[in-house]
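Working notes, structure below.
Numbers here simply count residues along the sequence, with the first being 1.
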Amino acid sequence: MRQPLFAATAAIIAIAIAPAACAKPAPDSAALDAAIAASHRSEANKARDQYRHPKETLTFFGVKPNHKVVELWPGGGWYTEILAPYLSKKGKLTVAAPAGARGDGIKKVMAAKPDIYGNVAFANFPAGKASIKVPDKSVDV
């Protein structure tokens, strides 16, 4: 008789604490809002926000301003425009793009605005033997 009571009690406790155990840490909402609304962002990228939901996405992943983040294949820089200023004071952004011409686009975006992207690191993805690499276990997201 005691075993079913114990099992029921354990199940109730597990259900009660599960949401807290699974909750992601909240990002700095004001800093994220400011990064999303920043004037350096292109109008084309801002127009995509309604479909890509940057605040909801980055909140879901628990990205905080003190995190070390790797952005894989940044393309035209939609996330880079948001993450660079969001992480600039306490965190670190590394963009990992293909070597050669396919990675040159994001390098041009970053070079055009060193005041925004000057602290962003660059790595190659996929990384070959002579590539710039992201050290193992060196990032949060």
Side-chain angles (χ1 to χ4, degrees), residues 2-141:
R2 293 187 102 167
Q3 205 165 14
L5 180 61
F6 175 77
T9 303
I12 290 169
I13 291 170
I15 290 168
I17 66 170
C22 295
K24 300 246 185 228
D28 180 336
S29 187
L32 186 53
D33 288 340
I36 292 167
S39 62
H40 74 275
R41 296 191 62 220
S42 74
E43 290 303 317
N45 282 348
K46 285 182 181 181
R48 295 173 70 195
D49 290 353
Q50 66 179 320
Y51 307 110
R52 299 190 80 181
H53 308 283
K55 185 171 185 174
E56 294 82 355
T57 302
L58 295 171
T59 299
F60 173 80
F61 286 114
V63 177
K64 294 166 60 174
N66 64 336
H67 277 172
K68 295 174 189 142
V69 177
V70 174
E71 179 185 0
L72 294 178
W73 273 1
W78 183 83
Y79 271 114
T80 309
E81 284 184 342
I82 297 168
L83 289 170
Y86 183 59
L87 300 170
S88 67
K89 292 184 176 124
K90 300 178 200 167
K92 181 73 176 173
L93 174 62
T94 300
V95 295
R102 291 191 347 203
D104 288 346
I106 194 62
K107 286 181 180 178
K108 288 178 185 173
V109 168
M110 291 168 36
K113 297 181 181 172
D115 54 319
I116 303 293
Y117 305 111
N119 292 330
V120 177
F122 186 84
N124 294 121
F125 182 81
K129 289 181 182 178
S131 297
I132 302 167
K133 298 178 183 178
V134 176
D136 291 343
K137 299 179 184 179
S138 66
V139 299
D140 300 301
V141 180

If every non-hydrogen atom of [X] is compared with every non-hydrogen atom of [Y], which pair is closest and at what distance?
X	Y	answer
Ser29	Lys55	OG-NZ, 2.7 Å
Asn119	Ser88	ND2-O, 4.1 Å
Ala121	Lys92	CB-CE, 3.8 Å
Pro98	Phe122	O-CZ, 4.5 Å
Ala96	Pro74	O-CD, 3.5 Å
Ala97	Gly103	CB-CA, 3.9 Å

Rounded to the nearest 0.5 Å, what separation is found between the [atom1] atom of [X] and the [atom2] atom of [Y]?
X	Y	atom1	atom2	result
Ile82	His40	CD1	NE2	8.0 Å
Leu93	Tyr117	CG	OH	9.5 Å
His67	Leu83	NE2	CG	12.0 Å

Can you name the side-chain hydrogen bond (donor to acceptor under 3.5 Å, both in side chains) partners of Glu81, sequence neighbours left out?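 Listed in chain order: Arg41, Asn45.
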
Student check: side-chain heavy atoms of [X] and [Y] closer than 4.5 Å:
X	Y	answer
Thr80	Ile106	yes
Arg52	Thr57	no
Phe125	Val134	no
Val63	Tyr86	yes
Leu87	Val120	no
Thr59	Leu32	yes

Counting neighbours of NZ on Lys113 that are heavy atoms of other residues, nucleotides or ligands and sit closer than 6.0 Å, is the number greater than 12?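 Atom NZ in Lys113 is packed in, count exceeds 12.
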
Please say whether more than 12 non-hydrogen atoms of neighbouring residues, nucleotides or ligands are located less than 6.0 Å from NZ in Lys68.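 No, not enclosed.
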
Give every residue pair that meets the salt bridge (Lys or Arg N to Asp or Glu O under 4.0 Å) criterion with at least one member in residues 132-141, sequence neighbours excluded.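 Every pair satisfying salt bridge (Lys or Arg N to Asp or Glu O under 4.0 Å) with a residue in residues 132-141: there are none.
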
